[in-house]
Amino acid sequence: MITLALSKGRIFDESLPLLAAAGIEVLDDPETSRKLILATSRADLRVVLVRASDVPTYVQYGGAHLGVAGLDVLLEHDDGLYRPLDLAIARCRLSVAVREDFDYANAVRQGSRIRVATKYTQMARRHFAAKGVHVDLIKLYGSMELAPLTGLADAIVDLVSTGGTLRANRLLEVEQIMDISARLVVNPAALKIRREPMRALIDAFERAVQERA
Ligand code: ATP
Ligand code: MG
């Protein structure tokens with residue numbers, strides 16, 4: 001049995017067409033079922049539903065043999081994973097945003113100091129270090145948009161897809177840090193031990209991605 005870790009929501013929804021293109025159907029709907037282990041049309045493959053940020057942990061420790069996780073999640077996780085494939089789904093970008101009336105250019109002059117709230121502390125730290133900006137990071141787990149509006153921080157580092165949430169909160173995207181998409185991650189030991197079925201599955205994903213490109 002091969003175990004594939006997915007998270008509910010956009011990763012699951014956008015993985016379904018890729019699985020379908022690989023001839024795999026998931027036999028339960030996570031929105032209506034409370035099951036966390038889902039059977040598929042292939043007797044040797046099951047899906048486990050985990051929190052998006054827990055996918056790398058499951059795959060790293062062998063609770064799942066492979067998984068689908070956003071590059072954002074992977075870069076915040078200290079690796080130990082084989083990352084063979086960009087699935088080109090769940091696309092967005094990691095950006096810096098501030099209040100409309102905040103002078104970002106002035107705030108990030110060389111040697112200056114800025115307060116940044118984010119869920120993505122590792123990536124934010126790297127980004128501002130590369131710019132030579134001192135940063136006080138405030139770790140948040142959600143509703144990042146509130147931080148500049150309440151005075152908690154000068155700026156946020158967050159994922160942006162359409163920009164609608166930023167606009168609704170009168171925030172301005174002032175810098176794009178990187179493009180993000182979901183990746184297939186694989187447990188290296190599982191790939192060694194179950195070389196044939198794992199390879200076949202990875203190849204099927206790869207063909208599905210190419211067909212959709
Ligand atoms: P949880 O909701 O469990 O706290 P999460 O917010 O990371 O976790 P999702 O909202 O399902 O989970 O996002 C999963 C992945 O989808 C993200 O890790 C990211 O790679 C991608 N993604 C694409 N667009 C966006 C967006 N606009 N906001 C957040 N994530 C996005
Ligand atoms: Mg979410």
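Counting convention: from 1, in listed order, for ligands and their atoms alike. Because the structure is a prediction, the values reported are computed rather than measured.
Using a 4.0 Å heavy-atom cutoff, Ala90 is listed among the residues neighbouring ligand 1.
When the heavy-atom distances from atom 1 (P) of ligand 1 to Arg183, Arg51, Arg91, Glu14 are ranked, the shortest goes to Arg51. For atom 30 (N) of ligand 1, the candidate residues are Asp54, Leu159, Val55; the nearest heavy-atom contact is made by Leu159. Among Cys92, Ser53, Ser181, the residue whose heavy atom lies closest to atom 24 (N) of ligand 1 is Cys92.
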Kindly indicate, with the supporting measurements, whether the criterion side-chain hydrogen bond (donor to acceptor under 3.5 Å, both in side chains) is fulfilled by Thr3 and Arg46.
CA-CA 5 Å; Thr3 302; Arg46 64 180 184 175; 2.9 Å; yes
- Message: For Arg207 and Asp203: C-alpha separation, side-chain torsions, deciding distance, then whether salt bridge (Lys or Arg N to Asp or Glu O under 4.0 Å) applies.
- Response: CA-CA 6 Å; Arg207 280 194 302 274; Asp203 290 347; 5.3 Å; no
Would you sort out whether Val157 and Ile177 count as a side chain to side chain contact (heavy atoms under 4.5 Å, CB included), showing the intermediate values? CA-CA 9 Å; Val157 167; Ile177 300 176; 3.9 Å; yes
Go through it in stages, so that I can follow the logic: the residues are Ser181 and Arg183, the test is side-chain hydrogen bond (donor to acceptor under 3.5 Å, both in side chains), and I'd like the CA-CA distance, side-chain angles, deciding distance and then a yes or no.
CA-CA 7 Å; Ser181 56; Arg183 310 294 160 110; 3.2 Å; yes
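Within ligand 1, counting atoms from 1 as listed, the ones closer than 4.0 Å to a heavy atom of Ala52 are 7 (O), 8 (O), 12 (O). Contact atoms of ligand 1 toward Asp72: 17 (C), 18 (O), 19 (C), 20 (O) (distance under 4.0 Å to a heavy atom of the residue). The distance from ligand 1 to the heavy atoms of Val73 drops below 4.0 Å at these ligand atoms: 18 (O). Contact atoms of ligand 1 toward Lys8: 11 (O) (distance under 4.0 Å to a heavy atom of the residue). Of all atoms in ligand 1, numbered sequentially from 1 with element shown, those under 4.0 Å from a heavy atom of Gly70 are 20 (O).
Only side-chain heavy atoms of Lys119 come within less than 4.0 Å of ligand 1; its backbone N, CA, C and O stay farther off. Both the backbone and the side chain of Ser161 come within 4.0 Å of ligand 1, judged by heavy-atom distances.
Looking at every heavy atom in both residues, Leu184 comes nearest to Pro84 through O-CD, 2.9 Å.
Screening Asn187, Leu81, Val185 for a side chain to side chain contact (heavy atoms under 4.5 Å, CB included) involving Gln60 leaves a single residue, Leu81.
One finds no salt bridge joining Arg91 and Asp179 here, because no Lys/Arg side-chain nitrogen approaches an Asp/Glu carboxylate oxygen to under 4.0 Å. The pair Glu175-Lys131 meets the salt-bridge criterion, since a charged nitrogen lies less than 4.0 angstrom from a carboxylate oxygen.
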